[in-house]
Asks: 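Quick one: this structure, given as structure tokens, is what I'll be asking you about.
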Amino acid sequence: MANASGFFTPSVPRLRSKIQPSIGVSRSGFCFSAGISRRVVCSSAIEGAEKHVSPSVSRMPKLVSKGCKLVGCGSAVPSLSVSNDDLSKIVDTSDEWISVRTGIRNRRVMSGKESLKELAVEAARKALEMADFDPNDLDLILMCTSTPEDIFGSAPQIQRELGCRNSPLAYDITAACSGFVLGLISAASPIRGGGFRNVLVIGADGLSRFVDWTDRGTCILFGDAAGAVLVQACDAEEDGLLSFDLHSDGEGGRHLGAPINDNETDELLGSNGSALDFPPKKSSYSCIQMNGKEVFRFAVRCVPQSIESALEKAGLVSGNVDWLLLHQANQRIIDAVATRLDFPQEKVISNLANYGNTSAASIPLALDEAVRSGKVKPGHTIAAAGFGAGLTWGSAIIRWG
């Protein structure tokens, strides 16, 4: 089991400057005073350096504290809406059976010539338009997806479609339903420590292509969508990415996944692992396989713990948070986590009923709707958490605007 916590602090020689006793420094990279979290701003010189190098020509890099703020969001969904009643015509189920167990009533599914890349580009453009931002000023594009339309990734194609003339770095992040949260943390690192100023984080998935539409245990859950957020460098006092908590557990991966078909792999290899036929046959991934009970238990146990840890690192409690925004997997999971954390229902963001589980897209899709409807306003604090295949899970405490 691997985990990561806290926030980013550049690697520097040991600092010798003294910190006031009233301020405590945590591993998260924040200091706490009177219950308020602030970014630690440090400056010091190596002992004896002042004798040989003047400050104006020092070769030591300056330690500049940068914050990250979320300044624009956008989303896009396919045109085809599939209701529970529609599904009842192809699999043994009903609207009542689905809605009671999951909270889902409709989902959007790509059809015809629609593509995940097009949805991602549309969501990205909307986010940039909200921020009144030129795509040529982007430093990095992160495409968080587990269903790219190219096995080598989709981010560079999105960069091209956005018309970025300055060739910013673009790459994919694969972490299933936790992908967008990991994308936010991945955006913060080059901003805080690498001098980047503008990072576009996209969450997009087309899980309908990997669903067995005869399996009522999984086909009722998933839909397709894309969402995007522009993360921008700012002064430390305006920081909108307050803390995070991330984990993974490969032991639990057997409960949720879509591996390469075992029977095809077996046909390719002899008893000693050598290839029986050459060239090898075309491989393919299986449909999504899920142990729903185990995934439910995992989510209601681990997600509240992660959010509580992130809140503690930010020096906050649930009462300081305006909104709880979870990965939209199952309304029963959302309700259970909210109850565990003492979040009233009116502070919980949920659009699961209309879109189903859209994996990495679910958090930015719900955020975009909440922002555009006026529910989430500038300055509001959000506890966000993603969880799913891997198994991976994580949370981030963010401030909008």
Asks: So, taking the atom named CZ in Arg108 and the one named CG in Asn354, what distance separates them when rounded to the nearest 0.5 Å?
Replies: 8.0 Å
Asks: Can Asp245 and Ser395 be counted as having a side-chain donor-acceptor contact under 3.5 angstrom?
Replies: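 Short answer, no.
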Asks: Could you check whether any side-chain N or O of Ser306 sits under 3.5 Å from a backbone N or O of Cys302, counting only pairs where one atom can act as donor and the other as acceptor?
Replies: no
Asks: As an exercise, state the distance from CZ of Phe298 to CD1 of Ile333, rounded to the nearest 0.5 Å.
Replies: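 So the CZ of Phe298 and the CD1 of Ile333 are separated by 8.5 Å.
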Asks: Taking the side chain as C-beta and beyond, is there a heavy-atom pair between Met130 and Val371 under 4.5 Å?
Replies: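 Heavy-atom side-chain distance check passes, below 4.5 Å.
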Asks: For the backbone of Leu324 and the side chain of Lys347, can you confirm whether one donor and one acceptor N or O come within less than 3.5 Å of each other?
Replies: no
Asks: Within a strict 4.5 Å, meaning less than it, do heavy atoms of the Cys144 and Val201 side chains meet?
Replies: yes
Asks: With a 4.5 Å heavy-atom cut-off, do Asn351 and Gln328 have their side chains touching?
Replies: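 Answer yes - side chains close enough.
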Asks: For the pair Val71 and Cys234, evaluate side-chain contact (heavy atoms from CB on, under 4.5 Å) and give the outcome as yes or no after the intermediate values.
Replies: CA-CA 10 Å; Val71 297; Cys234 63; over 6 Å; no
Asks: Are the side chains of Leu138 and Phe133 in touch, meaning some heavy atoms are under 4.5 Å apart?
Replies: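 Of all side-chain heavy-atom pairs linking Phe133 with Leu138, at least one is under 4.5 Å.
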Asks: So, are Arg192 and Asp239 salt-bridged, with charged N and O less than 4.0 Å apart?
Replies: yes
Asks: Within the 4.5 Å heavy-atom criterion, are Leu140 and Pro168 side-chain neighbours or not?
Replies: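 Answer no - side chains too far apart.
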Asks: Check for a donor-acceptor pair, side chain of Arg101 on one end and backbone N or O of Trp97 on the other, with a separation under 3.5 Å.
Replies: yes
Asks: How long is the span from the CG atom in Asp212 to the CD1 atom in Ile288, to the nearest 0.5 Å?
Replies: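 Rounded to the nearest 0.5 Å, the CG-CD1 separation comes to 10.0 Å.
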Asks: What pair of heavy atoms forms the shortest contact from Ile185 to Ala396, and how long is it?
Replies: CD1-CB, 4.4 Å
Asks: If we ignore hydrogens and angles and just use 3.5 Å, is the side chain of Glu114 paired with the main-chain N or O of Ser111 as donor and acceptor?
Replies: yes
Asks: Start with the C-alpha distance between Thr145 and Asp205, add both sets of side-chain angles, then the distance that settles side-chain hydrogen bond (donor to acceptor under 3.5 Å, both in side chains), and finish with yes or no.
Replies: CA-CA 5 Å; Thr145 183; Asp205 266 310; 3.0 Å; yes
Asks: May I ask you to decide if Ile220's main-chain N or O and Arg107's side chain share a donor-acceptor pair within less than 3.5 Å?
Replies: yes
Asks: For Leu142 and Ala187, work out which heavy atoms get closest and say how close.
Replies: CD1-N, 3.8 Å
Asks: So, taking the atom named OG1 in Thr214 and the one named CG in Asp92, what distance separates them when rounded to the nearest 0.5 Å?
Replies: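 Thr214 OG1 to Asp92 CG: 11.5 Å, rounded to 0.5 Å.
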Asks: Could you walk me through whether Ser88 and Asp85 pass side-chain hydrogen bond (donor to acceptor under 3.5 Å, both in side chains), step by step?
Replies: CA-CA 5 Å; Ser88 68; Asp85 289 332; 4.7 Å; no
Asks: Could you please spell out the steps behind the side-chain contact (heavy atoms from CB on, under 4.5 Å) verdict for Ile397 and Thr381?
Replies: CA-CA 7 Å; Ile397 310 302; Thr381 302; 3.9 Å; yes
Asks: Using side-chain heavy atoms (C-beta onward) and a distance below 4.5 Å, is Trp213 in contact with Val91?
Replies: no
Asks: Parallel, tilted or perpendicular, judged at 30° and 60°: which one describes the rings of Tyr285 and Phe210?
Replies: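 Ring orientation, 0 to 90° scale: perpendicular.
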Asks: Quick check: does any side chain N or O of Asp95 sit under 3.5 Å from a backbone N or O of Asn84, one acting as donor and the other as acceptor?
Replies: no
Asks: When you compare the side chain of Asp249 with that of Trp393, does any pair of heavy atoms fall below 4.5 Å?
Replies: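 They are in contact (side-chain heavy atoms under 4.5 Å apart), so the answer is yes.
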Asks: When the aromatic ring centroids of His380 and Trp400 are compared, is their separation below 6.0 Å?
Replies: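 No, the ring of His380 stays outside the 6.0 Å limit from the ring of Trp400, centre to centre.
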Asks: What pair of heavy atoms forms the shortest contact from Ala120 to Met143, and how long is it?
Replies: CB-CE, 3.9 Å
Asks: Provide the closest heavy-atom pair for Asn136 versus Gly163 in the form atom of the first, atom of the second, distance.
Replies: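 In this case the closest contact between Asn136 and Gly163 is OD1-O, 3.3 Å.
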Asks: Distance from Phe222 atom CZ to Met290 atom CE, nearest 0.5 Å?
Replies: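 So the CZ of Phe222 and the CE of Met290 are separated by 5.0 Å.
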Asks: Whether the side chain of Gln159 engages the backbone of Cys164 through a donor-acceptor N/O pair (distance < 3.5 Å, no angle test) should be reported.
Replies: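 No, Gln159 side chain to Cys164 backbone: no donor-acceptor pair under 3.5 Å.
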Asks: Verify salt bridge (charged side-chain N to carboxylate O under 4.0 Å, His left out) between Arg297 and Glu294, making sure each step is shown before the conclusion.
Replies: CA-CA 5 Å; Arg297 290 174 185 146; Glu294 289 300 325; 2.7 Å; yes
Asks: Applying side-chain contact (heavy atoms from CB on, under 4.5 Å), run through Gln232 and Glu238 and close with a yes or a no.
Replies: CA-CA 11 Å; Gln232 201 166 66; Glu238 300 176 314; over 6 Å; no
Asks: Within the distance-only criterion (no hydrogens, no angle test), does the side chain of Asp224 pair as donor or acceptor with the backbone N or O of Val109 below 3.5 angstrom?
Replies: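 No, because the side chain of Asp224 does not come within donor-acceptor range (under 3.5 Å) of the backbone of Val109.
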Asks: Between NZ of Lys126 and OG of Ser75, what distance do you get to the nearest 0.5 Å?
Replies: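 Answer for the NZ-OG pair, Lys126 versus Ser75, is 5.5 Å.
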Asks: Could you report the tightest heavy-atom contact between Leu352 and Asn357, atom names first, then the distance?
Replies: CD1-N, 4.1 Å
Asks: Is there a side-chain contact (heavy atoms from CB on, under 4.5 Å) between Leu341 and Glu308? Walk through the geometry before answering.
Replies: CA-CA 8 Å; Leu341 296 171; Glu308 287 173 340; 3.4 Å; yes
Asks: Where is the tightest heavy-atom contact between Ser146 and Thr174, given as atom of each residue plus distance?
Replies: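 Nearest heavy atoms, Ser146 then Thr174: OG-CG2, 3.7 Å.
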Asks: So, do Cys219 and Val211 sit near enough that their side-chain heavy atoms are less than 4.5 Å apart?
Replies: yes
Asks: Within the side chain of Thr358, is there an N or O that forms a donor-acceptor pair under 3.5 Å with the backbone of Ala225?
Replies: no
Asks: Between Gln331 and Ser350, does the side-chain hydrogen bond (donor to acceptor under 3.5 Å, both in side chains) criterion hold? Intermediate values first, please.
Replies: CA-CA 8 Å; Gln331 192 61 45; Ser350 176; 2.8 Å; yes
